[in-house]
Amino acid sequence: MSGNDARLNAVAAVINYKPITEPLSFAETPTNEVFAENVFTTGTMKRRLPKPVYKSLMETITQGKRLDTSTADIVAAAMKDWAIEKGATHYAHVFYPLTGLTAQKYDSFLMPNGDGSALAEFSGDQLIQGEPDGSSFPTGGIRPTFEARGYTAWDVTSPAYILENPNGTTLCIPTAFVSWTGEALDKKTPVLRSMKALNEQAQRILKLFGHDDGAMVIPTAGAEQEYFLIDQHFFMARPDSLTAGRTLFGAKPPKGQEFDDHYFGAIPERVLACMLETERELFKLGVPVKTRHNEVAPSQFEMAPVYENANVATDHQQLVMLMLKQVAEKYGLSCLTHEKPFAGVNGSGKHLNYSFGNTRLGNLLDPGETPHENKRFLVFCAAVIRAVDKYAPLLRAVIASAGNDHRLGANEAPPAIISIFLGDQLTDVFEQIKAGGARSSKPSGILNLGVDTLPSLPRHSGDRNRTSPFAFTGNKFEFRAVASNQSIAAPLMALNTIVAESLDFIATRLEGAADLDGAIQAVLKEIMEEHGRIIFNGDGYSLAWHKEAEFERGLPNLRTSADALPGLASEEVEALFSKYSVLSPREVESRLEVKLEQYVKAVQVEARLTLHMGRTMIYPAAVRYQTELASAAVSLQAAGVTAELAVLNKVTACIKELDDSLNALESLLAHEAGDMAAEAWFMCDQVLPAMTAVRAHADALEAIVADDLWPLPTYQEMLFVK
């Protein structure tokens, strides 16, 4: 293989890779024995806590009752003893600021004893409350620098756990993060508030159906995580992947994903070893990861969990991303969770599976065999339909980011138009309701494969639709437009709240009705007439759908973050969150400000990287090749041979175009706007197209310049050399 010395050395290092860690002792310790071994589970609580304390905690966890803080000292002592037995020297309040990342504040258990020794101490006060800086994280104006106090508050509903390190372990305590004024500065607090709102409104519906035992309705979630793994040598040799998480340059390789040969293919041995250790570490932390496979793009993979309590699932999702990156490094790999690390091949999403139910009735979005007769299901499903249509701009806003803009609408992800896929069976049932009443359900049936030695398969009542952003998949909805690099907290907060509002609407219409069945039919019919436009089972990629959605159905098509983000703080959305005590108007405004700022800064960083790499790496390589060609032409002419100048002229023209585009981008980066929304529009309309122009000329040069002069690892190397 040709290439410059740095690239050749990187390739050689990949080819000659040797594991840097000992293999796991998986045969000695079965997986089921390690599951949740590092979690302070309810079983561990039951063994270590007095019965009244355990009972009090379980009432908080399972019934949503107020936490009895008088028991905190007892819980803290038991938690400390358990953690120290596992080698812990420190504890950390873990929280999720508006960066979308995981934050940790560490403190030691050890306290001086006055006689030169030290004691391990951990009080109830230390368990319940911590005090990190409340102004150094993005707050959208809620906390200026001179008002820095912030608090972390123990979330008893998400279990504490042990994080291991070769040199020790740490007790990690999931917490909410709020300001001195009590306003949410994090992702967790609004999720918990929205779960409370959903439960309150769902109880009203269940009571109408005779279920008034008060069993708490809990939203459940499970996020499928897509990601790329590339060798660290390539990752470190590219300033763009290192700093921005994606490649800003890179010509299309001779082979990409055209043959669909990577999807569900055999997992490379090194990658599989990394996956197995990642899963084992997650099992220790109680994360119920279930599925692993190759994804569509070369070097792209997926991990998916069993779905669980939405709050716990949100915390677990953060652990999934953290562990993927940490374990990958042990195998000489870098994990990329950016939505579009490589142009020309599929990007990555985070399909969020969503439902809700309780311990008595199970999943409330399970239609059963005859959904037309399952009035309770129809009411809850109709609530989701109404919610998604009414608040589609909000759902689009909470998934908006600079990274996701590169992915939404491509042939790998749903379009930016929010629609619902229900499948043939449920669509037919709701159409019957719209026409006057549902009397039948299309049967599921049996699929005969035509080979006696193969079993007949039960066939689902409807197909699946990978182009739908919000698809019903049997007993849950799959929000497919969520970005691979983001926390699932904001989408869950939005879904819980908008469904709560729809359940409130339906319950208000049904309560006190003399004829409940007739009232249910009337409200379902009304919902279908007003909101049935959101249901679409066809090809979401087709131009015909885009025209129909926008011009015939009136569905919003918010193509970019600059289009979508204002929907996060519309008057309707502020009223929604305020009514259900999920976010105050000031908290809503702060989140909009943070999202706009993150978008602007992400584009600015990428633009500065484009300028830097273009000037210091690509332009010099192109000029060196131009010089070689020119010297060769002079030598040929001196020897009396007519030199072919076509390639030299082409390179010269490309260098000129590259230089012009870099100058244009540099002038745009001098722009400043006081208003963050205006700056976001400027980045979207001016800076991103200028970056695209630079890339076009640079990628054209990559296809011409001699391989031994090209300074960056190529797509062919990064995607296929493992």
Side-chain angles (χ1 to χ4, degrees), residues 39-83 91-96 103-105 107 121-132 134 149-161 171-200 202-203 214-220 286 308-316 358-359 489 492-493 496 580-583:
V39 182
F40 197 65
T41 61
T42 55
T44 303
M45 291 183 196
K46 189 174 184 179
R47 291 191 299 272
R48 290 177 174 266
L49 296 174
K51 286 184 179 180
V53 175
Y54 172 74
K55 182 180 178 182
S56 174
L57 286 179
M58 290 306 296
E59 287 176 346
T60 300
I61 294 170
T62 63
Q63 301 175 34
K65 291 188 177 181
R66 184 176 294 276
L67 177 66
D68 181 2
T69 56
S70 66
T71 65
D73 281 330
I74 299 171
V75 177
M79 197 181 286
K80 177 202 68 177
D81 291 343
W82 171 79
Y91 66 93
H93 277 199
V94 179
F95 55 103
Y96 310 98
Q104 302 164 339
K105 181 178 183 291
D107 287 287
E121 291 186 356
F122 186 49
S123 68
D125 288 342
Q126 291 169 318
L127 169 63
I128 287 176
Q129 182 175 332
E131 191 177 337
R149 194 178 296 279
Y151 300 117
T152 51
W154 175 37
D155 175 17
V156 68
T157 65
S158 185
Y161 56 90
L171 171 65
C172 295
I173 304 159
T175 62
F177 179 41
V178 298
S179 73
W180 182 75
T181 58
E183 293 165 301
L185 299 177
D186 67 340
K187 301 278 189 178
K188 177 185 280 286
T189 303
V191 171
L192 292 171
R193 292 172 181 170
S194 70
M195 290 173 66
K196 179 181 178 183
L198 177 66
N199 175 58
E200 289 173 350
Q203 295 297 339
M216 191 162 63
V217 173
I218 297 174
T220 52
E308 54 187 334
N309 175 302
N311 176 45
V312 177
T314 304
D315 292 356
H316 280 172
N358 65 21
T359 55
L492 282 172
M493 171 198 68
N496 291 338
Y580 297 99
S581 302
V582 174
L583 292 171

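Along the sequence shown, residues are numbered consecutively beginning with 1.
Ser179 places a side-chain N or O within donor-acceptor distance of the main-chain N or O of Glu183, the cut-off being under 3.5 Å. A donor-acceptor pair under 3.5 Å links the side-chain atoms of Gln126 to the main chain of Ser123, judged by distance alone. Between the Thr189 side chain and the Ala184 main chain, no donor and acceptor come within less than 3.5 Å of each other. Thr62 contributes a side-chain N or O that, together with a main-chain N or O of Met58, makes up a donor-acceptor pair within less than 3.5 Å. For Asp186 (side chain) and Ala176 (main-chain N/O), no donor-acceptor pair under 3.5 Å exists by modelled atom type.
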Using a 3.5 Å cut-off and no angle test, enumerate the donor-acceptor pairs between side-chain atoms of residues 191-200 and protein atoms at least two apart in sequence or in another chain.
| from | atom 1 | to | atom 2 | distance (Å) |
| --- | --- | --- | --- | --- |
| Arg193 | NH1 | Val582 | O | 2.9 |
| Arg193 | NH1 | Glu587 | OE1 | 3.1 |
| Arg193 | NH1 | Glu587 | OE2 | 3.4 |
| Ser194 | OG | Pro190 | O | 3.3 |
| Ser194 | OG | Val191 | O | 2.8 |
| Ser194 | OG | Asn496 | ND2 | 3.0 |
| Asn199 | OD1 | Gln203 | NE2 | 2.9 |
| Asn199 | OD1 | Val217 | N | 2.8 |

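Between Ser158 and Lys188 there is a side-chain heavy-atom pair separated by less than 4.5 Å. The shortest distance between side-chain heavy atoms of Tyr91 and Cys172 does not fall below 4.5 Å. In this structure, Phe40 and Trp82 have side chains that are in contact, with non-hydrogen atoms separated by less than 4.5 Å. In this structure the side chain of His316 reaches within 4.5 angstrom of the side chain of Glu308, judged on heavy atoms. Considering only heavy atoms from C-beta on, Leu583 comes within 4.5 Å of Met493 through its side chain. Side-chain contact check for Leu49 versus Leu57: some heavy-atom pair is nearer than 4.5 Å. Counting heavy atoms from C-beta outward, Leu127 and Ile173 have side chains that approach closer than 4.5 Å. At a threshold of 4.5 Å between non-hydrogen side-chain atoms, the residues Phe122 and Asp107 do not count as touching.
In this structure, OH on Tyr161 lies 7.0 Å from CG on Asp315, to the nearest 0.5 angstrom. Lys105 contributes atom NZ, which lies 9.0 Å from atom CZ of Phe95 (distance to the nearest 0.5 angstrom). Taking CD of Glu131 as the reference point, atom CZ of Phe177 lies at 10.0 Å (rounded to 0.5 Å). Put simply, CG on Asn311 and CG on Asp155 are 4.5 Å apart, with the number rounded to the nearest 0.5 Å. Thr359 contributes atom OG1, which lies 7.5 Å from atom CD1 of Ile218 (distance to the nearest 0.5 angstrom). Atom CD in Gln104 sits 10.5 Å away from atom OG1 in Thr175 (nearest 0.5 Å).
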Carefully, step by step, assess Ile61 and Val156 under the rule side chain to side chain contact (heavy atoms under 4.5 Å, CB included).
CA-CA 7 Å; Ile61 294 170; Val156 68; 4.3 Å; yes
Ile128/Thr69 under side chain to side chain contact (heavy atoms under 4.5 Å, CB included): CA gap, chis, key distance, verdict
CA-CA 8 Å; Ile128 287 176; Thr69 56; 3.8 Å; yes
Leu67 vs Trp154, test: side chain to side chain contact (heavy atoms under 4.5 Å, CB included). Steps then yes/no.
CA-CA 10 Å; Leu67 177 66; Trp154 175 37; 4.0 Å; yes
For side chain to side chain contact (heavy atoms under 4.5 Å, CB included), just list the numbers for Met79 and Leu171, CA-CA rounded to whole Å, side-chain angles, deciding distance to a tenth of an Å, and then say yes or no.
CA-CA 9 Å; Met79 197 181 286; Leu171 171 65; 3.8 Å; yes
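Pairing each heavy atom of Ala76 with each of Gly124, the nearest pair is CB-N, 3.8 Å.
Of the charged side-chain nitrogens involved, none lies within less than 4.0 Å of a carboxylate oxygen, so that Asp68 and Arg66 do not count as a salt-bridged pair.
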